[in-house]
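In what follows, chains carry the letters A, B, and so on, assigned in the order in which the sequence lines appear, proteins first and then strands, with residues in each chain numbered from 1.
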2 protein chains.
Amino acid sequence: MAESTTGGESLLFLTDEQLRKGIEAMFFAYRGFTADPDRILEGMDYGRAHHRAIHFIHRSPGTTVSNLLGILGVTKQSLNRVLRTLIEDGLVEARVGKTDKRERNLHLTAKGQDLERQLSDAQRARMRAAYRAAGPAAVQGFRTVLEAMMDPEMRRQYQSLREGEK
Amino acid sequence: MAESTTGGESLLFLTDEQLRKGIEAMFFAYRGFTADPDRILEGMDYGRAHHRAIHFIHRSPGTTVSNLLGILGVTKQSLNRVLRTLIEDGLVEARVGKTDKRERNLHLTAKGQDLERQLSDAQRARMRAAYRAAGPAAVQGFRTVLEAMMDPEMRRQYQSLREGEK
DNA sequence: AATTTACGTCAGCCTTGTTGACTTTCCAAG
DNA sequence: CTTGGAAAGTCAACAAGGCTGACGTAAATT
C-alpha cells in the first residue's frame with residue numbers, strides 16, 4: 001500500500017473511517033502502553049495511580065503536591081491516599097518547603113528510584129521496540145499527532161516539562 | 001519506507017529522553033482522547049465502559065458476548081454489568097444466535113445509535129482537528145507507532161476489525 | 001449420556017476516582 | 001498584629017469499574 005502523496009489524497013486521511021482507525025489504535029495501543037507496568041505492580045500494593053505519581057516525582061524532583069495535582073488531574077484526596085502509602089513505605093520523601101513551609105517538596109528515595117527504574121525500563125523497552133519498528137519519521141508523526149490531541153492545559157503541562165532540555 | 005538512514009541521527013530517537021517524551025505524550029494525549037466522551041456521559045448513568053461497549057457493538061454489529069470480551073479484555077461479570085444496563089435502557093438489543101442459540105448477537109437500537117453517534121462525533125472531531133494540525137505524513141507515523149506498541153493479541157483484534165475494508 | 005461451551009448472575013472485594021466538611025499551618029496584606 | 005486566604009492534610013461516604021469464586025441453564029459437541 002504505497003502512499004503517493006498527491007492531489008486529493010492529502011485529505012483522504014480525514015475520512016470518518018480513517019478517524020475511527022485512529023480512535024481504535026489509541027484504544028488498543030494504550031492497553032499495551034500500560035500493560036508492562038501494570039504487570040510489575042500487581043502483587044505489590046500499588047497500582048497505576050502510584051506509577052503515575054512516581055513517574056512525575058522522578059521527572060520533576062522537588063515538585064509540590066499542588067503542582068502534581070495539576071499534572072495528574074485528580075483531587076487532592078485521591079492523590080493523598082496514593083502519596084501517603086508511598087511515603088509510609090519509604091519510596092517518597094516529602095520535605096517541608098524552604099521558602100514556603102506549607103509546601104511539601106516531593107522526592108524519590110533510593111527505594112523509590114529503584115521501583116521507578118524498574119517501571120520505566122519496562123515501559124521504555126516497549127516504546128523503544130515500537131519506535132525501532134516504526135522508524136524515525138513515524139516517531140516524529142506520532143508525537144506531532146499526540147501533541148495536537150491534548151487539551152491546551154495538558155499541552156502546557158507537557159511542554160513545560162520539556163523546558164530547559166536539550 | 002526509507003529505513004536505516006546512515007549516521008547517528010537514525011538512532012537519536014531511541015534515547016531514553018526521547019522515549020520518555022513519547023511516554024508522557026501518550027499519557028497526556030489519552031486524557032484528551034477520552035475527555036469529550038467522558039463529558040457527554042457524565043450526567044447520564046453511563047461511563048467509559050459503556051462507551052467502549054457501544055463503540056465495538058457499533059463497529060461489529062451482531063458480535064457475540066465472548067467476542068466482545070476478547071476485544072475489551074475484561075471479565076464477563078464486568079461486561080455483563082454494563083451490557084445489562086444498556087439492554088434495559090433500550091440502547092442495545094441481544095438477539096439469540098441463529099446457528100448457535102447459546103450465543104447472543106448484539107446490536108445497537110436506534111436509541112443506541114443516537115448515543116453512539118453523539119459520542120463518536122465528539123471523539124472524531126478532536127481526532128480530526130489533531131490530524132488536520134499534524135498533516136497526512138504525521139498521521140501515517142502516528143498509526144504506525146501505535147500499532148507497533150500493541151500487544152500481539154490486541155494487534156490481531158485491531159487488524160481483524162480492519163479486514164474487508166476499502 | 002456426558003462433557004463442554006456460552007451466557008447470565010449473585011456475592012464480595014479492590015483500586016481509584018469523586019464531594020463535602022473540617023483543621024492546621026503559614027504567608028502576606030491591611 | 002490581626003486577619004484573610006492559600007496549601008496541605010484528613011475523615012467520611014460514595015460510585016464506577018475492575019477482579020475472583022461459585023453456581024445455574026441451555027445448547028452444542030463428543
[N], OP1 or OP2 - any side-chain N/O from [X] closer than 4.0 Å?
| X | N | result |
| --- | --- | --- |
| B:S66 | C:dC7 | yes |
| A:H50 | C:dT15 | no |
| A:R48 | D:dG17 | no |
| A:N80 | D:dT10 | yes |
| A:R104 | D:dA7 | no |

Tell me the interatomic distance from [X], atom [atom1], to [N], atom [atom2], rounded to whole angstroms.
| X | N | atom1 | atom2 | result |
| --- | --- | --- | --- | --- |
| A:L86 | C:dT15 | CG | C1' | 14 Å |
| A:L72 | C:dT18 | CG | P | 11 Å |
| B:L106 | C:dA6 | CG | C1' | 12 Å |
| A:L68 | C:dT16 | CG | P | 15 Å |
| B:I54 | D:dG17 | CD1 | P | 11 Å |
| B:L79 | C:dC10 | CG | C1' | 17 Å |
| A:R84 | C:dT16 | CZ | P | 14 Å |
| B:L69 | D:dG18 | CG | P | 12 Å |

(message) For B:E103 and A:V82, find the nucleotide of DNA chain C closest to each by heavy atoms; which residue's nucleotide sits nearer the 5' end?
(response)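 Its nearest nucleotide being more 5', the pick is B:E103.
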(message) Could you check whether B:Q123 and A:R20, counting side-chain N and O atoms only, form a donor-acceptor pair closer than 3.5 Å?
(response) no
(request) Would you check if there is a donor-acceptor pair between the side chains of A:R48 and A:T34 at a distance under 3.5 Å? (result) yes
(request) Mind checking A:S78 for me? I need base, sugar-phosphate or nothing, with any heavy atom below 4.0 Å counting as a touch. (result)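 Base contact.
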(message) Nearest to the side chain of B:V65, heavy atoms from C-beta on, is which of C:dT16, D:dA8, C:dC7?
(response) C:dC7
(request) Verify side chain to side chain donor-acceptor pair (under 3.5 Å) between B:H51 and B:E116, making sure each step is shown before the conclusion. (result) CA-CA 8 Å; B:H51 179 195; B:E116 193 283 331; over 6 Å; no
(message) Please check: side-chain N/O of B:S60 versus main-chain N/O of B:I57, any donor-acceptor pairing under 3.5 Å?
(response) no
(request) Assign a letter to each nucleotide of nucleotides 19-30 of chain C from its 5' end: B, base within under 4.0 Å of a protein heavy atom; S, sugar-phosphate only; -, no contact. (result) BBB---BBS---
(message) So that I can tick it off, tell me whether B:K111 and B:E88 are bridged by a salt bridge, with the cut-off set at under 4.0 angstrom between side-chain N and carboxylate O.
(response) no
(message) Evaluate B:E93 against B:L106 for side-chain contact (heavy atoms from CB on, under 4.5 Å), listing each step before the verdict.
(response) CA-CA 6 Å; B:E93 192 188 353; B:L106 303 170; over 6 Å; no
(request) Report yes if a donor N or O on one partner sits less than 3.5 Å from an acceptor N or O on the other, where the partners are the side chain of B:R81 and the base of D:dG18; otherwise report no. (result) yes
(message) Between A:H50 and A:L86, is there a side-chain heavy-atom distance shorter than 4.5 Å?
(response) yes
